[in-house]
Chemist: 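Below you'll find the structure I mean.
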There are 2 protein chains.
Amino acid sequence: MTVPFETTLHVRHHCLCLAAQRTARALARRFDEALRPLGLTSGQFSLLMSLNRPSPPTISSVAGLLAMDRTTLTANLKPLERRGLVDAAVDPSDRRSRRLSLTPAGQALLQSAVPIWTREHAAVDALLPHDELESLRAGLRALS
Amino acid sequence: MTVPFETTLHVRHHCLCLAAQRTARALARRFDEALRPLGLTSGQFSLLMSLNRPSPPTISSVAGLLAMDRTTLTANLKPLERRGLVDAAVDPSDRRSRRLSLTPAGQALLQSAVPIWTREHAAVDALLPHDELESLRAGLRALS
DNA sequence: GCCTTATAAGTTGATATCAACTCAAATAGC
DNA sequence: GCTATTTGAGTTGATATCAACTTATAAGGC
């Protein structure tokens with residue numbers, strides 16, 4: 001081996017990029033399964049939730065909130081628009097922008113998803129002591 | 001709003017699934033950029049590194065290590081096989097399995113990627129105090 | 001007003017992600 | 001030895017992810 005196996009073990013134990021990917025995938029699968037009865041993925045739930053606000057946001061601002069590429073968000077919106085859960089209307093005061101909002105159907109679906117999120121997240125929270133949860137949140141926030 | 005805005009804020013501040021996705025995306029973009037001169041993504045680097053071991057692993061075992069769906073790994077291997085970086089040979093002792101190994105070209109590319117990883121990861125490590133880094137790693141591990 | 005620059009978003013192409021299904025080989029029960 | 005079950009992996013279809021490029025609108029300099 002050109003690269004020593006010890007180097008591989010070092011990377012495996014220390015790489016936060018890998019650790020974040022692993023955990024993100026594992027948690028996504030977990031919430032995907034919990035939300036499956038509603039036909040929502042974890043990402044779609046997060047997106048719908050981020051649109052539940054008093055004033056309709058633009059695509060770019062939501063992409064920033066989710067730390068996601070703007071074009072990824074455009075793609076993610078398509079299935080939700082098709083299902084009539086999200087409305088994207090051109091902003092009359094700046095015709096370059098589209099303002100994203102939940103339709104009544106989207107609001108209703110989000111409402112039915114909240115108890116599922118609450119239940120599933122309680123199960124995740126139970127995996128770690130409270131103070132370790134808080135430092136995990138702080139660490140994730142610091143790197144994103 | 002059917003769902004109170006306070007609920008949205010609560011989810012935004014507490015959801016570890018969302019936080020993990022955000023951080024995973026941010027770190028992936030960071031390492032993607034650092035590794036771009038080699039034509040590797042962060043995920044491809046992690047995959048190549050996971051194949052650098054004395055005995056060639058099977059697809060399922062690597063998928064487990066990366067907390068990734070088996071079929072996702074099959075898809076991820078394709079571009080690496082096309083580029084001649086990875087070899088997937090049928091295991092003679094169990095013809096259902098394929099054993100994954102780095103080619104000499106794969107080993108050489110991985111070797112040239114290690115210093116990039118080291119430099120970039122030092123920059124990430126510098127964002128947090130050592131003890132917070134350790135609790136972050138422990139928390140991520142506990143949830144994946 | 002006109003031209004340049006900046007900004008918001010869409011499109012394209014490549015890859016990533018996973019569920020559901022299928023295929024093939026190995027193993028267990030008989 | 002033969003059938004049923006289990007296990008490893010591939011395929012398909014839908015969605016996710018991002019870079020590079022393009023289009024449309026707005027804002028600023030003149």
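So you know, we letter chains A, B, ... as the sequences are listed, proteins then strands, and number each from 1.
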Chemist: Among C:dT17, C:dA6, C:dA25, find the nucleotide with the atom closest to the side chain of A:Arg96.
Modeler: C:dA6

Chemist: Can you tell which of C:dA9, C:dT17, D:dT15 lies closest to the side chain of A:Gln44?
Modeler: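 For the A:Gln44 side chain, the nearest candidate turns out to be D:dT15.
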
Chemist: Quick check: on DNA chain C, is the nucleotide nearest A:Arg29 upstream (toward 5') of the one nearest B:Asp91, or the reverse? Name the residue that is more 5'.
Modeler: A:Arg29

Chemist: Find the distance between CG (B:Leu16) and CZ (A:Arg137) and round it off to the nearest 0.5 Å.
Modeler: 4.5 Å

Chemist: Take the protein atom CG of A:Asp94 and the nucleotide atom C1' of D:dT25, then report the distance between them rounded to whole Å.
Modeler: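 Spelled out: CG on A:Asp94 to C1' on D:dT25 is 7 Å.
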
Chemist: Could you report the tightest heavy-atom contact between B:Ala142 and A:Leu128, atom names first, then the distance?
Modeler: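 For B:Ala142 versus A:Leu128, the nearest heavy atoms are CB-CD2, 3.7 Å.
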
Chemist: Nearest-Å distance, CG (A:Leu80) to C1' (D:dA14)?
Modeler: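 These atoms are roughly 13 Å apart.
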
Chemist: What's the closest nucleotide to the B:Thr74 side chain, out of C:dA26, D:dT11, C:dT17?
Modeler: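 The answer is D:dT11.
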
Chemist: For B:Asp32 and D:dA16, what is the distance between atoms CG and P respectively, to the nearest whole Å?
Modeler: 19 Å

Chemist: Whole angstrom is fine here: how far is it from CD in B:Glu33 over to C1' in D:dT17?
Modeler: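 Roughly 16 Å, once rounded to whole Å.
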
Chemist: Taking only side-chain nitrogens and oxygens of B:Thr72, does any of them come within less than 4.0 Å of OP1 or OP2 of C:dC18?
Modeler: yes

Chemist: How do B:Ser60 and A:Pro92 order along DNA chain D: which one's closest nucleotide is nearer the 5' end?
Modeler: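 That would be B:Ser60.
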
Chemist: Answer yes or no: does a side-chain N or O of B:Arg82 lie under 4.0 Å from OP1 or OP2 of C:dT15?
Modeler: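 Affirmative; the distance criterion is met.
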
Chemist: Using a distance-only criterion (donor-acceptor N/O pair, under 3.5 Å, no hydrogens), is the base of D:dT25 paired with the side chain of A:Arg95?
Modeler: no

Chemist: Would you tell me if any nitrogen or oxygen in the side chain of A:Ser97 comes within less than 4.0 Å of OP1 or OP2 on C:dT7?
Modeler: no

Chemist: Hey, does the side chain of A:Thr71 come within less than 4.0 Å of C:dG10's phosphate (OP1/OP2), counting only N and O?
Modeler: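 Answer is no, no contact under 4.0 Å.
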
Chemist: Are OP1 or OP2 of C:dG10 and a side-chain N or O of A:Arg98 less than 4.0 angstrom apart?
Modeler: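 So the side chain of A:Arg98 is within the cut-off, an N or O lying under 4.0 Å from OP1 or OP2 of C:dG10.
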
Chemist: May I have the distance from B:Asp69 (atom CG) to D:dT17 (atom C1'), rounded to whole angstrom?
Modeler: 17 Å

Chemist: May I ask you to decide if the ring planes of B:Phe31 and B:His121 are parallel, tilted or perpendicular, using 30° and 60° as cut-offs?
Modeler: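 Judged by the thresholds at 30° and 60°, the geometry between B:Phe31 and B:His121 is tilted.
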
Chemist: What is the separation between atom CG on A:Leu40 and atom P on D:dT15, rounded to the nearest whole Å?
Modeler: 12 Å

Chemist: Check every atom of C:dA9, D:dG8, D:dC18 against the side chain of A:Met68 and return the nucleotide holding the closest atom.
Modeler: D:dC18

Chemist: What's the CG-P distance between B:Leu77 and C:dA16, to the nearest Å?
Modeler: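 B:Leu77 atom CG is separated from C:dA16 atom P by 9 Å.
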
Chemist: Between B:Arg70 and C:dC18, is there a contact of a side-chain N or O with OP1 or OP2 at under 4.0 Å?
Modeler: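 No, B:Arg70 has no side-chain N/O under 4.0 Å of OP1/OP2 on C:dC18.
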
Chemist: In terms of the nearest nucleotide of DNA chain C, which residue is placed more toward the 5' end: A:Arg99 or A:Arg36?
Modeler: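 Its nearest nucleotide lies further toward 5', so the answer is A:Arg99.
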
Chemist: Of all heavy-atom pairs between A:Ser144 and B:Arg22, which one has the smallest distance, and what is that distance?
Modeler: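 Result for this residue pair: OG-NH2, 3.3 Å.
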
Chemist: Rounded to the Å, how far apart are A:Ile59 CD1 and D:dT25 C1'?
Modeler: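 Spelled out: CD1 on A:Ile59 to C1' on D:dT25 is 15 Å.
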
Chemist: Report yes if at least one side-chain N or O of B:Asn76 is closer than 4.0 Å to OP1 or OP2 of C:dT17; otherwise report no.
Modeler: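 Yes, B:Asn76 has a side-chain N/O under 4.0 Å of OP1/OP2 on C:dT17.
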
Chemist: Can you hop from A:Leu65 to A:Ile59 via hydrophobic side chains spaced under 4.5 Å?
Modeler: no

Chemist: Does a nitrogen or oxygen in the side chain of A:Gln21 sit under 4.0 Å from OP1 or OP2 of C:dA16?
Modeler: no

Chemist: Can you tell me if CD on A:Glu134 sees more than 12 non-hydrogen neighbours from other groups inside 6.0 Å?
Modeler: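 Check passes, neighbour count above 12.
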
Chemist: Between D:dT11 and B:Lys78, is there an OP1 or OP2 to side-chain N/O distance shorter than 4.0 Å?
Modeler: yes

